[in-house]
Asks: 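My questions all concern the structure below.
The residues of the chain are indexed from 1 along the displayed sequence.
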Amino acid sequence: MVGPSPYPGAQKFLEGDHITHAKPRSASGEADLIGDLDGRDPLVCDGKIFDGSGRGKGYLVKGVHQIIKYAHDYGQHTAYLVIYNITDKLLELPTDGTPGAWPPYTEISGVRVYFIHVRVLPPTTTASKAGKATRVTLTHDDLTNPDTT
């Protein structure tokens, strides 16, 4: 950590030549991480837990809206939503890019939101005994018409 952050309540970190700020306050709230906003690779990032119920599809839709607002607050056209999947469900995310390319992304309101999906649930059994996979699909329509989610 290096010195105070110019953002209220944030912590400032120096990583190589990049300064990042954890939990900086903006007009829309507190993004989890921002950095190098005036550089070549600006970062506006927020993380969400997916548990398949209370923090299910609707929660992720709200997270996308939230990260878009943060990107607008910082004058950015790119943002990252990190999704921590704590279920055994397979999460399928929309992409405006080439199907199957990583990371998937969608563009809404002038912001390209990249989805970084991380499965964090430790396995309870081996893959050969896990049975049939359950998929949860988040569509572009879910993101643009949240009342349907």
Asks: Apply salt bridge (Lys or Arg N to Asp or Glu O under 4.0 Å) to Lys89 and list each qualifying residue two or more places apart in sequence or on a separate chain.
Replies: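 Lys89 satisfies salt bridge (Lys or Arg N to Asp or Glu O under 4.0 Å) with no residue once adjacent residues are dropped.
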Asks: Which residue is it: Arg55, Lys62, Gln66? I am looking for the one with a side chain to side chain contact (heavy atoms under 4.5 Å, CB included) to Lys48.
Replies: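 One option only clears the test, and that one is Gln66.
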Asks: For Tyr84, run the side chain to side chain contact (heavy atoms under 4.5 Å, CB included) check against Ile116, Asp51, Val120 and tell me which one passes.
Replies: Val120
Asks: Looking at every non-hydrogen atom in both residues, tell me the closest pair between Pro99 and Thr95 and how far apart they are.
Replies: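 Looking at all heavy atoms of both residues, the closest pair is CA-CG2, 4.2 Å.
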Asks: Run Tyr80 and Val44 through side chain to side chain contact (heavy atoms under 4.5 Å, CB included) and show every step you take.
Replies: CA-CA 6 Å; Tyr80 297 84; Val44 177; over 6 Å; no
Asks: Can you find a heavy atom in the side chain of Asn85 that is under 4.5 Å from one in the side chain of His117?
Replies: yes
Asks: Examine the side chains of Thr139 and Asp141 and answer whether a donor and an acceptor come within less than 3.5 Å of each other.
Replies: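 The answer is no; no qualifying pair exists.
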Asks: What is the ring orientation for Tyr105 with Tyr114, classed by angle as parallel under 30°, tilted 30 to 60°, or perpendicular over 60°?
Replies: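 Tilted.
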Asks: Between Arg119 and Leu90, does the side chain to side chain contact (heavy atoms under 4.5 Å, CB included) criterion hold? Intermediate values first, please.
Replies: CA-CA 9 Å; Arg119 293 198 61 191; Leu90 301 177; 3.3 Å; yes
Asks: Side chains of Val113 and Ile68: does their closest heavy-atom pair fall under 4.5 Å?
Replies: yes
Asks: Under a 4.5 Å side-chain heavy-atom rule over Ile, Leu, Val, Met, Phe, Trp and Tyr, are Val118 and Trp102 clustered together?
Replies: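 Both belong to a single hydrophobic cluster.
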Asks: How long is the gap from CD1 on Ile83 to OH on Tyr59, to the nearest 0.5 Å?
Replies: 11.0 Å
Asks: Give, for atom OG1 of Thr106 and atom CG of Asp96, the distance between the pair rounded to the nearest 0.5 Å.
Replies: 3.5 Å
Asks: Rounded at 0.5 Å granularity, tell me how far CD1 in Ile86 sits from CD1 in Ile49.
Replies: 5.5 Å
Asks: Using side-chain heavy atoms (C-beta onward) and a distance below 4.5 Å, is Leu143 in contact with His65?
Replies: no
Asks: Quick one: CG on Leu81 to CG on Leu93, what's the gap to the nearest 0.5 Å?
Replies: 8.5 Å
Asks: Starting from the C-alpha separation in whole Å, work towards a yes-or-no answer on side chain to side chain contact (heavy atoms under 4.5 Å, CB included) for Lys57 and Val136.
Replies: CA-CA 8 Å; Lys57 283 174 63 170; Val136 175; 3.7 Å; yes
Asks: Using side chain to side chain contact (heavy atoms under 4.5 Å, CB included), reason through His140 and Ile108 one step at a time and then give a plain yes or no.
Replies: CA-CA 9 Å; His140 193 274; Ile108 300 173; 4.1 Å; yes
Asks: Counting only N and O atoms by type, is there a donor-acceptor contact under 3.5 Å from the side chain of His72 to the main-chain atoms of Ser109?
Replies: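 Yes; judged by distance alone, with no hydrogens or angles, the pair exists.
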Asks: Looking only at heavy atoms, what is the nearest atom pair of Ala71 and Ala79, with distance?
Replies: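 Shortest heavy-atom contact: CB-CB, 4.2 Å.
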